[in-house]
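Notes for the one structure printed next.
Naming: A, B, ... by sequence-line order, numbering from 1 per chain.
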Amino acid sequence: MAHLLLRHRDIPGLNNIEVYKQNGGFRALEKAVTTMQPKQVMEEVKASGLRGRGGAGFPTGIKWSFLPDTIWPHYVVCNADESEPGTFKDREIMEGNPYQFLEGVALACYAVGATEGYIYIRGEYYPIAKQIEACIAEMEKQGYLGDKLFGTATSIRLKTHLGAGAYICGEETALLESLEGKRGQPRLRPPFPAVVGLYGKPTVINNVETLTNLPFIVEHGAPAFREFGTEKSPGVKIFSLSGNVERPGNYELPLGTTFRELIFTHGGGIPNGRKLRAIMPAGASSSIIRVDETNFDKVMDTPMDYENVQSVGSLLGSASVIVIDDSHTMDWVIKKTIDFFQHESCGKCTPCRDGNYWMKHLTTRIHAGKASAADVKLLDSVAAQVYGKCLCALGDFSTMAVRSAIERFPEDFAKVTGKS
Amino acid sequence: MLAEKYPREIQAIFAKYPVKRSAVMPLLYLAQREEGYIKKESMQEIADMLELDVTEVAAIVGFYTMYHDEKAGKYRMQVCTDLPCALRGADLFLESLCENLGIRVGETTPDGLITLEEVKCLGGCHRAPLFQIQESDTVTFHENMTVEKTMELVEALRKTVNT
Ligand code: FES
């Protein structure tokens with residue numbers, strides 16, 4: 001099947017504007033700006049059922065419709081702060097297919113009546129940000145961005161903003177704070193960014209992959225988009241596959257593709273004659289799925305979409321599938337995830353800041369074999385007390401791997417605490 | 001003074017945003033260009049430009065990991081040891097880099113060339129082991145690395161600095 005998002009894999013040189021134009025580039029933008037009302041674009045995206053690809057899976061068109069028509073200007077902000085451990089899809093889109101992505105940002109601007117869009121790119125992606133800036137300049141030169149687009153009164157300008165290393169800035173209100181020149185700490189909601197967003201104005205925040213879907217939807221229509229994926233999770237998704245697999249990488253597949261197809265058919269299975277032991281489908285923020293003889297087929301045949309991954313005790317999130325083989329134990333895995341969250345907690349909410357500090361001590365001690373069964377209980381209880389008590393999802397995310405590991409892999413903890 | 005050295009760039013940065021304060025992050029990168037870290041004087045100058053208190057600017061420097069307020073080696077070699085990379089041997093890779101460079105994580109080689117750092121996911125998990133090199137206000141990726149390839153790179157960097 002030809003790619004819809006990773007089209008550069010089928011068409012070499014697609015990050016050149018001429019090649020992009022020869023392959024249907026900017027047709028959707030021209031169609032929207034010259035023949036459609038902004039509301040029609042919004043309706044088409046609603047009808048497509050496109051859901052946010054950043055992790056939460058919220059329907060994009062509905063998110064747009066929350067912007068009030070009585071307060072102006074509106075802003076579009078693209079979240080290109082890809083930082084979830086195990087996620088590297090937005091990067092490939094921006095490197096390989098930057099114009100389709102930028103056309104998507106422009107379409108979102110048009111749909112919500114924004115004349116300015118900001119693309120917030122994580123600082124580590126400095127070379128990619130430079131390329132995106134060059135692409136924006138090229139589009140301005142050729143009249144695909146700027147004033148009087150396609151001879152109409154529409155103006156759209158895009159600008160990049162470079163982050164500087166903070167996972168929390170992927171959280172949308174923290175991202176806005178950062179863009180406003182403050183420390184990236186989440187805001188209290190409500191008000192939601194759709195009403196009080198960037199510089200206090202109504203703001204749409206969408207992920208790179210989400211926006212890159214828009215040119216297809218606008219050009220070919222919602223029904224064509226719905227030919228891929230499932231009823232509730234339409235379209236394709238880029239799965240970032242990492243960890244203990246033969247062929248790690250990005251795989252663009254219809255939503256609802258099974259774990260088996262991703263890990264074994266595309267990923268080539270587990271190397272070195274090892275066995276699959278655990279899967280984290282949403283990066284470091286996942287509840288860990290245990291895989292053993294009792295449930296191997298059930299897990300493998302589970303379709304990866306926003307609903308079904310829940311049936312095996314986890315979430316799809318950003319579809320950053322981390323595969324773990326049987327040479328690893330979960331006391332080590334959660335030490336790694338807590339190292340990450342403790343480092344990235346922004347420090348605003350006490351349960352997350354202090355909870356992660358304590359979880360770091362406990363996971364380090366447990367992994368070192370210097371803990372007792374009571375410490376494992378304590379760790380679980382600290383995690384339980386962090387959960388649901390913070391302004392943003394980072395606090396919750398930090399507890400997912402910890403609690404599921406303790407519950408689903410008791411033998412790993414019995415071993416390190418000397419109880420087996 | 002940044003204002004004397006980079007007048008055009010500063011103007012372009014301010015033109016990007018309707019609110020002055022948003023310029024703080026790009027200005028901090030500019031301040032980091034010269035020596036790879038942000039001096040007290042630069043923080044003060046940026047604070048003055050944006051009508052902020054210098055402690056507010058310092059708080060931003062402290063919040064983001066890619067801003068530095070202390071001098072380090074010319075190249076900051078930042079190795080990812082987050083979970084997906086660690087599953088593919090990143091911890092061992094870092095350990096043998098330490099041995100080969102003769103320094104521990106956080107330290108700088110005696111000639112001031114390399115500071116070795118351990119960082120979180122860089123978005124290249126499928127190409128582990130990997131690191132990025134942060135130098136002045138730029139970043140470069142180095143993926144699918146081995147210790148041998150890394151040491152060759154270090155030698156090449158050493159030569160460019162010495163000539
Ligand atoms: S975990 Fe190392 S780059 Fe993602």
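Remark: B:Arg127 pairs with B:Glu143 by the salt bridge (charged side-chain N to carboxylate O under 4.0 Å, His left out) rule, at least two apart or across chains. With sequence neighbours excluded, the residues that form a ring pair (Phe, Tyr, Trp, His ring centres under 6.0 Å) with A:Tyr120 are A:His161.
Neither the backbone nor the side chain of B:Ala90 comes within contact range of chain A, judged by heavy atoms closer than 4.5 Å. Heavy-atom distances place the side chain of A:Glu344, and not its backbone, under 4.5 Å from chain B. At a 4.5 Å heavy-atom cutoff, the contact between A:Leu179 and chain B is made by backbone and side-chain atoms alike. Within the 4.5 angstrom heavy-atom criterion, only backbone atoms of A:Thr87 (N, CA, C, O) approach chain B. Of the two parts of A:Tyr199, only the side chain, counted from C-beta on, holds a non-hydrogen atom closer than 4.5 Å to a non-hydrogen atom of chain B. Neither the backbone nor the side chain of A:Leu158 comes within contact range of chain B; no heavy atom of the residue lies under 4.5 Å from a heavy atom of that chain. Proximity to chain B (any heavy atom under 4.5 Å) is shown, for A:Lys182, by both the backbone and the side chain. Interface remark: A:Arg157 contributes no atoms to any contact with chain B (heavy atom separation under 4.5 Å).
Taking 4.5 Å as the limit, every side-chain heavy atom of B:Lys120 sits out of range of all side-chain heavy atoms of A:Tyr167. A heavy-atom distance below 4.5 Å is not found between the side chains of A:Glu124 and B:Val119. The closest side-chain heavy-atom distance from A:Arg91 to B:Phe141 is below 4.5 Å.
Taking both residues in full, the closest heavy atoms of B:Asp137 and A:Tyr126 are given as O-CE1, 3.3 Å, listed atom of the first, atom of the second, then distance. The shortest heavy-atom contact between A:Trp332 and B:Leu87 is CZ3-CD2, 3.7 Å. Counting all heavy atoms, side chain and backbone alike, B:Ala59 lies closest to A:Arg183 at O-CD, 3.6 Å. Of all heavy-atom pairs between A:Leu162 and B:Met25, the closest is O-CE, 3.7 Å. The minimum heavy-atom distance between B:Phe63 and A:Ile168, with the atom names listed, is CZ-CG2, 3.8 Å.
Proximity to chain B at a heavy-atom threshold of 4.5 Å picks out A:Val323, A:Ile324, A:His328 from residues 323-331 of chain A, in numerical order. Contact residues of residues 282-289 of chain A toward chain B are absent (heavy-atom distance under 4.5 Å).
In terms of heavy-atom pairs under 4.5 angstrom with chain A, the leader among B:Pro18, B:Ser22, B:Cys121 is B:Ser22. Note: B:Lys16 leads B:Lys16, B:Gln132, B:Lys20 in heavy-atom pairs under 4.5 Å with chain A. Between chain A and the residues B:Cys125, B:Cys85, B:Ala128, B:Gly62, the most heavy-atom pairs under 4.5 angstrom are made by B:Cys125. Among A:Ala166, A:Gly86, A:Ser83, the residue with the largest count of heavy-atom pairs under 4.5 Å with chain B is A:Gly86. Top candidate by heavy-atom pairs under 4.5 Å with chain B, chosen from A:Ser242, A:Pro271, A:Gly243, is A:Gly243. Contact count against chain A (heavy-atom pairs under 4.5 Å) is highest for B:Thr65 among B:Thr140, B:Val57, B:Thr65, B:Val24. Chosen from A:Gly347, A:Ser178, A:Ser240, the residue pairing most often with chain B at heavy-atom distances under 4.5 Å is A:Ser178. For the set A:Gly181, A:Gly165, A:Ala164, A:Pro248, the count of heavy-atom pairs under 4.5 angstrom toward chain B peaks at A:Ala164. Heavy-atom pairs under 4.5 Å with chain A were tallied for B:Gly124, B:Ala23, B:Gly123; the largest tally goes to B:Gly123. Ranked by heavy-atom pairs under 4.5 Å with chain B, the list A:Cys169, A:Gly163, A:Ser320 is led by A:Gly163.
Taken to the nearest 0.5 Å, the CD atom of B:Glu118 stands 9.5 Å off from the NE2 atom of A:His343.
Ring geometry for A:Tyr118 versus B:Tyr17: interplanar angle under 30°, hence parallel rather than tilted (30 to 60°).
In this structure a side-chain-to-backbone donor-acceptor pair under 3.5 Å is present from B:Tyr64 to A:Gly184. A:Asp339 places no side-chain N or O within 3.5 Å of a backbone atom of B:Asp82 that could act as its donor or acceptor partner. Checking side-chain atoms of A:Lys336 against main-chain N and O of B:Thr81 turns up a donor-acceptor pair under 3.5 Å.
Summarising the local packing, CD of B:Glu155 is surrounded by more than 12 heavy atoms from other residues, nucleotides or ligands at distances under 6.0 Å.
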